[in-house]
Amino acid sequence: MSFWQILGRLAVSDEGETIQRVSDTTSVSSDGTTYTRMGSTTVGSDGSTFTQMGSFSTDGSTRMGSTATGLGKVPMSATE
């Protein structure tokens with residue numbers, strides 16, 4: 001599972017991937033995936049879907065402050 005550092009509009013993983021917030025509801029990953037936030041649910045253009053539950057996500061990822069584990073939590077956090 002990736003570890004992410006969240007820096008305002010940008011999230012950077014320990015594997016070099018980035019996710020940048022481009023609007024209040026949309027984030028774009030460096031691999032070309034677009035994530036759209038609809039309420040507490042985020043849908044990726046790659047078919048992924050996950051729901052935020054506080055600091056946790058349905059894909060098992062978590063966020064503590066400015067760090068996160070797992071991709072699912074990051075796009076939602078980056079758009080908060």
Side-chain angles (χ1 to χ4, degrees):
M1 185 171 280
S2 301
F3 290 90
W4 293 81
Q5 183 70 36
I6 302 165
L7 308 164
R9 292 181 162 276
L10 186 68
V12 181
S13 83
D14 59 342
E15 298 172 356
E17 185 178 357
T18 62
I19 296 176
Q20 183 168 1
R21 177 176 62 167
V22 294
S23 74
D24 288 344
T25 58
T26 305
S27 297
V28 179
S29 173
S30 56
D31 70 2
T33 304
T34 299
Y35 296 95
T36 303
R37 181 177 176 183
M38 296 175 282
S40 62
T41 299
T42 297
V43 178
S45 60
D46 60 355
S48 58
T49 301
F50 29 84
T51 302
Q52 179 181 357
M53 301 170 291
S55 295
F56 302 92
S57 173
T58 54
D59 74 341
S61 55
T62 62
R63 178 180 175 184
M64 298 299 291
S66 63
T67 59
T69 60
L71 183 59
K73 183 63 180 136
V74 172
M76 290 181 281
S77 299
T79 57
E80 287 175 349

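Please read all numbers here as calculations on a predicted model, not as lab measurements.
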Given side chains that start at C-beta, do those of V22 and T34 come closer than 4.5 Å, heavy atoms only?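 Side chain of V22 against side chain of T34, heavy atoms only: no contact under 4.5 Å found.
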
Can T69 and T62 be counted as having a side-chain donor-acceptor contact under 3.5 angstrom?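 The criterion, which ignores hydrogens and geometry beyond distance, is satisfied for T62 and T69.
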
Verify side chain to side chain contact (heavy atoms under 4.5 Å, CB included) between I19 and L71, making sure each step is shown before the conclusion. CA-CA 9 Å; I19 296 176; L71 183 59; 3.4 Å; yes

Please find the pair of heavy atoms, one from [X] and one from [Y], that lie closest to each other, and give the distance.
X	Y	value
R21	S27	CA-OG, 3.7 Å
S30	E17	OG-CG, 3.4 Å
Y35	S48	CE2-OG, 3.8 Å
S61	D59	OG-OD1, 2.5 Å
A11	V74	CB-CG1, 3.2 Å
I6	A68	CD1-CB, 4.1 Å

Tell me, with the steps shown, if S2 and D14 meet side chain to side chain contact (heavy atoms under 4.5 Å, CB included). CA-CA 6 Å; S2 301; D14 59 342; 4.0 Å; yes

Could you measure the distance from the CE atom of M64 to the OG atom of S55? Nearest 0.5 Å is fine. 6.0 Å

Just verifying a value: how many Å separate F56 CZ and R63 CZ, rounded to the nearest 0.5 Å?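 Reported value, rounded in 0.5 Å steps: 13.0 Å.
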
Is there a donor-acceptor pair closer than 3.5 Å between any side-chain N or O of T33 and the backbone N or O of D46? no

Give the C-alpha distance, both sets of side-chain angles, the deciding distance and a yes or no for side chain to side chain contact (heavy atoms under 4.5 Å, CB included) between Q20 and L10. CA-CA 5 Å; Q20 183 168 1; L10 186 68; 4.1 Å; yes

Evaluate whether atom CE of M38 has more than 12 neighbouring non-hydrogen atoms of other residues, nucleotides or ligands under 6.0 angstrom away.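 Yes, the 6.0 Å shell around CE holds more than 12 heavy atoms from other groups.
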
Using the side chain to side chain contact (heavy atoms under 4.5 Å, CB included) rule, pick out the option among K73, Q52, R37 that qualifies with T42. R37

